[in-house]
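See below for the structure under consideration.
The figures here come from the full heavy-atom set of this structure, side chains too, leaving out hydrogens, waters and symmetry mates. The chains referred to below are lettered A, B, ... by the order of the sequence lines, with proteins before strands, and numbering in each begins at 1. None of the values given here were measured: they were computed from a predicted structure.
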Number of protein chains: 2
Amino acid sequence: MTDPRTAPLDTVFAALADPTRRAILTMLLEDDMAVTDVAEPFEMSLAAISKHLTILAGAGLITQEKRGRVKWCKLEPDALKSASVWMQGFGQFEPVNLDAFEAFLERELGRDGDAGDMA
Amino acid sequence: MTDPRTAPLDTVFAALADPTRRAILTMLLEDDMAVTDVAEPFEMSLAAISKHLTILAGAGLITQEKRGRVKWCKLEPDALKSASVWMQGFGQFEPVNLDAFEAFLERELGRDGDAGDMA
DNA sequence: GCAATGGTCAACCGATCGGTTGAATAAGAC
DNA sequence: GTCTTATTCAACCGATCGGTTGACCATTGC
C-alpha cells in the first residue's frame with residue numbers, strides 16, 4: 001500500500017547496499033517469482049531470503065502478493081526513481097550508457113546471482 | 001569473500017544510505033570544504049563527522065587533500081556513475097528530470113541538512 | 001483427516017554501525 | 001617555546017544487521 005515513490009532514500013539505498021538483495025532484484029527483472037524460487041540459487045536459508053524480501057518490500061522496491069500458499073514477488077522499478085534522480089544531480093546529468101549497464105548486469109548475474117561463491 | 005567487482009556498489013550504496021552523509025555530499029556540491037566546516041551545521045561531534053567523511057572517501061564519493069593543517073574535502077561525482085548505471089537499468093531508461101532533482105535537493109537540505117532536528 | 005509444501009516468526013549469535021569521550025598528533029600563530 | 005586550532009585515534013556503548021535454527025501457521029493434495 002505504500003507508494004513506492006515516497007519511500008525514503010534511507011531505506012532504498014540501504015536495501016541496495018546488500019549484494020544478495022541486488023541479485024534478487026536482478027532476478028526479478030526477468031520475471032515475477034515465488035519466495036522459494038527466489039531462494040533456490042542462494043546458499044542461505046529460506047528464512048534469510050524471506051527477510052531480504054521484507055527489506056526490499058519495505059523500501060518499495062518489490063511488492064508481494066499471496067495467491068494460495070504461494071507469495072509472488074514483483075519488481076517495482078519506480079521506487080528507484082527518487083534515488084536515481086537524487087544521484088544524477090551529482091554528476092553532470094550525463095546520459096545513461098546502456099552498454100555500461102549491460103556490462104554491470106552481466107557481472108551481477110555472474111557473481112551475486114551465482115550461489116557458488118556467496119558463502 | 002567479497003567480490004572486488006561488486007564491492008564498489010556495496011560501499012557506494014551503503015555510504016548513501018545515511019542521511020548525514022547525503023547531506024554532506026549536498027554541501028560539497030556547492031564547494032570544497034574543510035572537515036571542521038563540514039561538521040559545523042551538525043549536532044554531532046567532530047569525530048563522528050570525521051568518520052562519515054572516511055566512509056565517503058572509502059566509497060570514492062569524496063577525496064581529501066591535506067594542505068597545511070587543514071584537510072579539504074572534494075566531491076567526486078564520478079563514483080556515483082556505476083551505481084547510477086546499475087539503477088537506471090531497472091527503470092525504462094527514462095531521462096532524468098531536472099525539476100524533480102531540484103525538489104529532492106530542497107527536501108534533503110531542509111530535512112537532513114538542518115542540524116536542528118538531526119538528533 | 002493427515003502429510004507435505006510454502007512461508008513466516010521468535011530467539012539467538014557475532015559483526016558492524018553510528019555515536020560518544022578523552023587523549024594524541026600535527027601545524028600555525030605569537 | 002607555548003598556546004591554539006585542525007583532525008584523527010582508541011576505547012567504549014547500545015542498536016541494528018545478516019545470518020542461523022526450530023517451532024509455527026496456511027494451503028494443497030491424497
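The two residues Val12(B) and Ala83(B) make their nearest non-hydrogen contact at CG1-CB, 3.9 Å. In terms of heavy atoms, Met87(B) sits closest to Leu80(A) at CE-O, 3.5 Å. The two residues Thr20(A) and Asp18(A) come nearest to each other via the heavy atoms N-OD1, 2.8 Å.
Using a 4.0 Å heavy-atom cutoff across all strands shown, Leu53(A) reaches no nucleic acid atom at all.
Here dG18(C) presents its P atom at 11 Å from CG of Leu56(B), a figure rounded to the nearest Å. Look at CD1 on Ile55(A): it is 13 Å from P on dC9(C), rounded to the nearest Å. What separates CG of Asp18(B) from P of dT16(D) is a distance of 14 Å, to the nearest Å. One interatomic measurement links the two molecules: CD of Gln64(B) to P of dA26(C), which rounds to 17 Å at whole-angstrom precision. Between Glu40(A) atom CD and dT5(C) atom P the separation is 15 Å, expressed in whole Å. The NZ-C1' distance, from Lys71(B) to dA26(C), rounds to 12 Å in whole Å. Atom C1' of nucleotide dG19(C) and atom CD1 of Ile24(B) are separated by 13 Å, given to the nearest angstrom. In this entry the distance linking CG of Leu16(A) with C1' of dC17(D) reads 16 Å, nearest Å.
Remark: Ala48(A) pairs with Met44(A), Ser45(A) by the side-chain contact (heavy atoms from CB on, under 4.5 Å) rule, at least two apart or across chains. When the side-chain contact (heavy atoms from CB on, under 4.5 Å) test is applied to Ala17(B), the partners found at least two apart in sequence or on another chain are Phe13(A), Ala14(A).
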Check: residues 57-75 of chain A side-chain donor-acceptor pairs under 3.5 Å, at least two apart:
unit_1: Thr63(A); atom_1: OG1; unit_2: Glu76(A); atom_2: OE2; d: 3.0
unit_1: Glu65(A); atom_1: OE1; unit_2: Arg67(A); atom_2: NH1; d: 3.1

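For the pair Ser50(A) and dG7(C), the criterion of a side-chain N or O lying under 4.0 Å from OP1 or OP2 is not met. Remark: His52(B) is not in phosphate contact with dC17(C), judged by side-chain N or O atoms under 4.0 Å from OP1 or OP2. Proximity of Ser45(B) to the phosphate of dG19(C): no side-chain N or O atom is located under 4.0 Å from OP1 or OP2.
Residue whose closest nucleotide on DNA chain D sits further toward the 5' end, between Leu46(B) and Lys51(A): Leu46(B).
When the nucleotides dG19(D), dT7(D), dG19(C) are ranked by their closest atom to the side chain of Thr36(B), dT7(D) comes out on top.
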For nucleotides 22-29 of chain D, print each protein N/O atom paired with a nucleotide N/O atom at under 3.5 Å, atom names and distance only.
unit_1: dT27(D); atom_1: O3'; unit_2: Arg69(A); atom_2: N; d: 3.4
unit_1: dT27(D); atom_1: O2; unit_2: Arg69(A); atom_2: NH1; d: 3.0

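Legend: side chain to side chain donor-acceptor pair (under 3.5 Å) pairs involving residues 49-60 of chain B, not counting sequence neighbours, sorted by first then second residue: Arg21(B)-His52(B).
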